[in-house]
Amino acid sequence: MSDIIQLLPDHVANQIAAGEVVQRPASVVKELLENAIDAGAATIKLIVKDAGKTLIQVIDDGKGMSTTDARLSFERHATSKIRTADDLFQLHTKGFRGEALASIAAIAHVELKTKQDEDDVGNAIVIEGSNVVSQEVVVTPKGTSISVKNLFFNIPARRNFLKSNTVELRHIIDEFHRVALAHPNISFAMYNNGSETFNLPISNYRQRIVNIFGTKTNEKLVPVDEDTEVLKISGFVGKPEYAKKTRGEQYFFVNDRFIKSAYLNHAIASAFDGLLKNGTHPSYFLNLKVDPQTIDINIHPTKTEIKFDDEHTLYALLRSAVKHSLGQFNIAPVLDFDRDSNLDTPYNYIKKNTNSPTIEVDRSFNPFQEETQSKARAVAYKKEPVASWENLYVGLESKGTKTQQDFSEVHFESEESTGSMFSEDKQVDNIQTTYQLHNKYIVSTIKSGMLVIDQHRAHQRILYEDFLKNMTIKEAVSQQLLFPLQLHFSVQDIEIINQLKEDLEHTGFIFSGVSKESVQIIGVPVSVPESEVSIILEQLISDVENEVPDTHFSATDLLAKSMAKSLAIKTGQSLQKDEQEHLVNRLFACKEPNVSPTNRTTFVTMSVDELDKKFI
Ligand code: ADP
Ligand code: MG
């Protein structure tokens with residue numbers, strides 16, 4: 001039989017390798033930024049268009065490449081960073097595999113311009129899908145500029161697999177943050193579709209964090225510093241009261257490389273033990289310096305996990321360092337001499353004029369009117385903590401063109417709903433009795449047997465349909481806030497809020513201003529307690545970041561889901577009898593009572609027959 005094994009041509013091998021190295025535009029960003037850092041750049045600029053789908057360009061003022069190196073840099077396993085296997089354990093650079101440029105050039109149109117300081121002219125190379133299209137001498141400043149255009153042009157499946165621009169941009173910004181946080185001594189700028197997203201001058205670590213995450217961050221940071229023989233820890237943890245519900249800003253850097261470690265994350269969480277509200281996560285920005293010989297980062301090109309020789313010791317040291325800092329911070333205010341006094345006054349406030357709050361007066365208010373009416377009015381104008389059950393559904397059943405005044409009567413009357421599901425097949429005519437089980441399920445008897453409802457999912461379904469209705473008929477009921485609510489977000493979170501602003505307004509939010517780092521809200525949907533607003537928006541932002549698929553994406557739907565998730569009664573919450581009954585009734589008035597907005601079963605039934613069988 002003849003031989004059948006062949007060596008793959010380079011361009012095929014490169015394309016296969018590219019599948020590993022380049023998963024999305026953000027992977028290219030990471031590789032190019034790391035190369036610029038390895039080249040000793042002092043200033044690095046990142047330019048992206050259409051979330052990197054059209055263009056990713058990184059310009060640095062590093063050491064540049066010679067003519068031969070410029071060409072060689074696109075070969076596979078071509079690297080200037082290691083020479084022998086032993087060098088792997090002495091790594092002081094980000095790169096070492098020599099795979100990135102070869103992989104990127106295999107699946108995109110790449111243009112490289114580079115010049116070394118000592119040369120008069122530089123080189124420009126154009127490569128498309130591993131083919132060198134041109135190489136010529138050009139006048140270009142010292143350093144390197146690489147543009148990557150039309151990523152995945154020759155792998156349509158990959159290109160189609162990319163998520164929406166919002167999501168891809170979010171990944172790019174994440175990579176940018178990781179690199180920029182690890183190198184405050186390098187100046188970074190990022191431009192997206194022609195506008196500047198970040199401009200980070202050389203600064204100390206605290207300022208770098210603040211420049212990225214917003215001026216408000218400054219007051220949240222508690223310094224951590226510990227110098228031991230095996231490990232040097234420096235950086236900051238977020239004060240416990242600022243811990244976030246949905247996602248902390250959590251960054252570990254080991255020898256200036258961003259890593260993820262569930263184990264070390266646990267060390268921090270345990271240092272915060274007893275200080276955090278349930279379900280919240282602390283922020284941290286921690287740099288660990290260890291002997292490169294004691295770690296192994298050689299696992300996978302895109303993986304951020306690394307292996308430590310002595311994880312247990314690191315765990316213990318990290319935990320005690322963070323504990324120590326938190327303790328100090330609790331006892332006495334921390335003096336931080338690095339602190340830049342400019343950071344103390346948030347930017348927005350420096351220029352801010354004082355405005356007196358606008359107060360709405362109800363001119364028709366008559367204190368001598370009948371008891372019931374004035375009570376109802378109080379609910380509509382100023383959100384009193386109404387009986388907890390009313391909170392569940394109040395204001396959601398806006399019908400026709402009700403004004404605020406008659407609206408206030410609506411929520412006391414809502415008995416409109418006995419389910420179509422039941423009336424149709426005549427299973428039951430009415431719900432007779434309900435019990436709450438483990439503060440989680442509502443058990444209800446029906447004619448044919450019994451019904452067990454997941455209270456959290458059921459309520460999500462109810463709220464979801466109501467929000468959707470409000471948003472699509474564009475007729476939400478707002479409650480005006482007595483004092484405007486100022487909420488602070490990072491620049492990229494604001495971008496997401498801006499995208500969803502219109503939909504948010506349809507649910508009843510009223511924005512009086514959106515600035516670079518904050519939003520001002522003067523009205524919220526009636527069903528939303530003021531204290532929940534920031535949690536809802538945070539949850540929404542994280543949902544947008546994590547879940548938006550490219551196609552069929554409806555902001556309205558996502559918003560309705562996200563708000564329903566945030567506001568639905570939780571498992572563990574005990575409900576009064578009438579609350580339970582309302583929940584059951586409202587669920588079966590829904591269009592799709594069987595499943596939650598995320599397609600999970602909301603209730604199960606068990607018939608008497610089935611029960612009988614169990615007793616045989
Ligand atoms: P690695 O970074 O693993 O060495 P790459 O494919 O990313 O592999 O880069 C190949 C080589 O090209 C690098 O080793 C380096 O010598 C050179 N190179 C890449 N980018 C730059 C840059 N921005 N400035 C100078 N040299 C660079
Ligand atoms: Mg590299």
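What you see is a predicted model, and the numbers here were worked out from it, not measured in a lab. For ligands, and for the atoms within them, numbers begin at 1 and follow the listed sequence.
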task: Identify, for atom 3 (O) of ligand 1, the protein heavy atom at the shortest distance, and state residue, atom and that distance.
output: G98 N, 2.7 Å
- prompt: When you check the gap from the basic side-chain N to the acidic O, do R24 and E168 get nearer than 4.0 Å?
  reply: yes
task: Kindly determine whether L55 and D50 satisfy side chain to side chain contact (heavy atoms under 4.5 Å, CB included), including the steps that lead there.
output: CA-CA 7 Å; L55 172 75; D50 300 326; over 6 Å; no
message: Considering non-hydrogen atoms of the protein only, which is the closest contact for atom 13 (C) of ligand 1, and what is the distance?
response: K81 CE, 3.7 Å
task: In plain terms, say whether E75 and R71 are close enough for a salt bridge, that is, a side-chain N and a carboxylate O under 4.0 Å apart.
output: yes
- request: Would you check if the side chain of R158 reaches a backbone N or O of V22 as a donor-acceptor pair within less than 3.5 Å?
  value: yes
query: Should D493 and R170 be marked as a salt bridge (charged side-chain N to carboxylate O under 4.0 Å, His left out) after you check the CA-CA gap, both sets of side-chain angles, and the distance that decides it?
result: CA-CA 9 Å; D493 289 354; R170 177 72 224 182; 3.6 Å; yes
Heavy atom of K63, distance to ligand 1 below 4.0 Å: no
- prompt: By number and element, which atoms of ligand 1 are closer than 4.0 Å to a non-hydrogen atom of T79?
  reply: 1 (P), 4 (O), 14 (O)
task: May I ask you to identify the nearest protein heavy atom to atom 21 (C) of ligand 1, giving residue, atom name and distance to one decimal place in Å?
output: M65 CE, 3.7 Å
query: So which heavy atom in the protein is nearest atom 11 (C) of ligand 1, and how far is it from that ligand atom?
result: A78 O, 3.9 Å
- prompt: Between the main-chain N or O of P223 and the side-chain N or O of S325, is there a donor-acceptor pair closer than 3.5 Å?
  reply: yes
message: Are any of the N/O atoms on G64, whether in the backbone or the side chain, positioned under 3.5 angstrom from an N/O atom of ligand 1?
response: no
- prompt: Of the protein's non-hydrogen atoms, which lies at the shortest distance from atom 6 (O) of ligand 1, and what is that distance?
  reply: L101 N, 2.9 Å
query: Can you check whether A180's main-chain N or O pairs, donor with acceptor, with R208's side chain at less than 3.5 Å?
result: yes
field: Top protein contact for atom 15 (C) of ligand 1, by heavy-atom distance
entry: S80 OG, 3.5 Å
message: At a cut-off of 2.8 Å, what protein N/O/S atoms sit near the Mg ion (ligand 2)?
response: N35 OD1
message: Tell me whether ligand 1 is touched by G62 - counting only heavy atoms on the residue side and a distance under 4.0 Å.
response: no
- line: Filtering S73, A102, S103 for the heavy atom nearest atom 12 (O) of ligand 1 leaves S73
message: Donor-acceptor check, side chain of E111 to backbone of V126, threshold 3.5 angstrom: yes or no?
response: no
query: So Y315 and Y263, would you call those rings parallel, tilted or perpendicular, with 30° and 60° as cut-offs?
result: tilted
- prompt: Which protein non-hydrogen atom lies closest to atom 22 (C) of ligand 1, naming both residue and atom, and how far is it?
  reply: T144 OG1, 3.7 Å
task: Before accepting this row, confirm whether a basic side-chain N of the pair E249/K244 lies closer than 4.0 Å to the acidic partner's carboxylate O.
output: yes
- request: Heavy-atom distances under 4.0 Å are what count here, so tell me which part of D60 touches ligand 1: side chain, backbone, both or neither.
  value: side chain
- prompt: Any donor and acceptor pair, going by atom type alone, linking the side chain of T280 with main-chain N or O of L276 inside 3.5 Å?
  reply: no
- prompt: Does atom NZ of K239 have more than 12 heavy-atom neighbours, drawn from other residues, nucleotides or ligands, at distances under 6.0 Å?
  reply: yes
- prompt: For the residue pair S145 and Q57, what are the closest heavy atoms and their distance?
  reply: OG-NE2, 3.0 Å
statement: re atom 19 (C) of ligand 1, the protein heavy-atom contact at minimum distance is N35 ND2, 3.5 Å
- prompt: Short list, please: which atoms of ligand 1 are under 4.0 Å from a heavy atom of A100?
  reply: 6 (O), 7 (O)
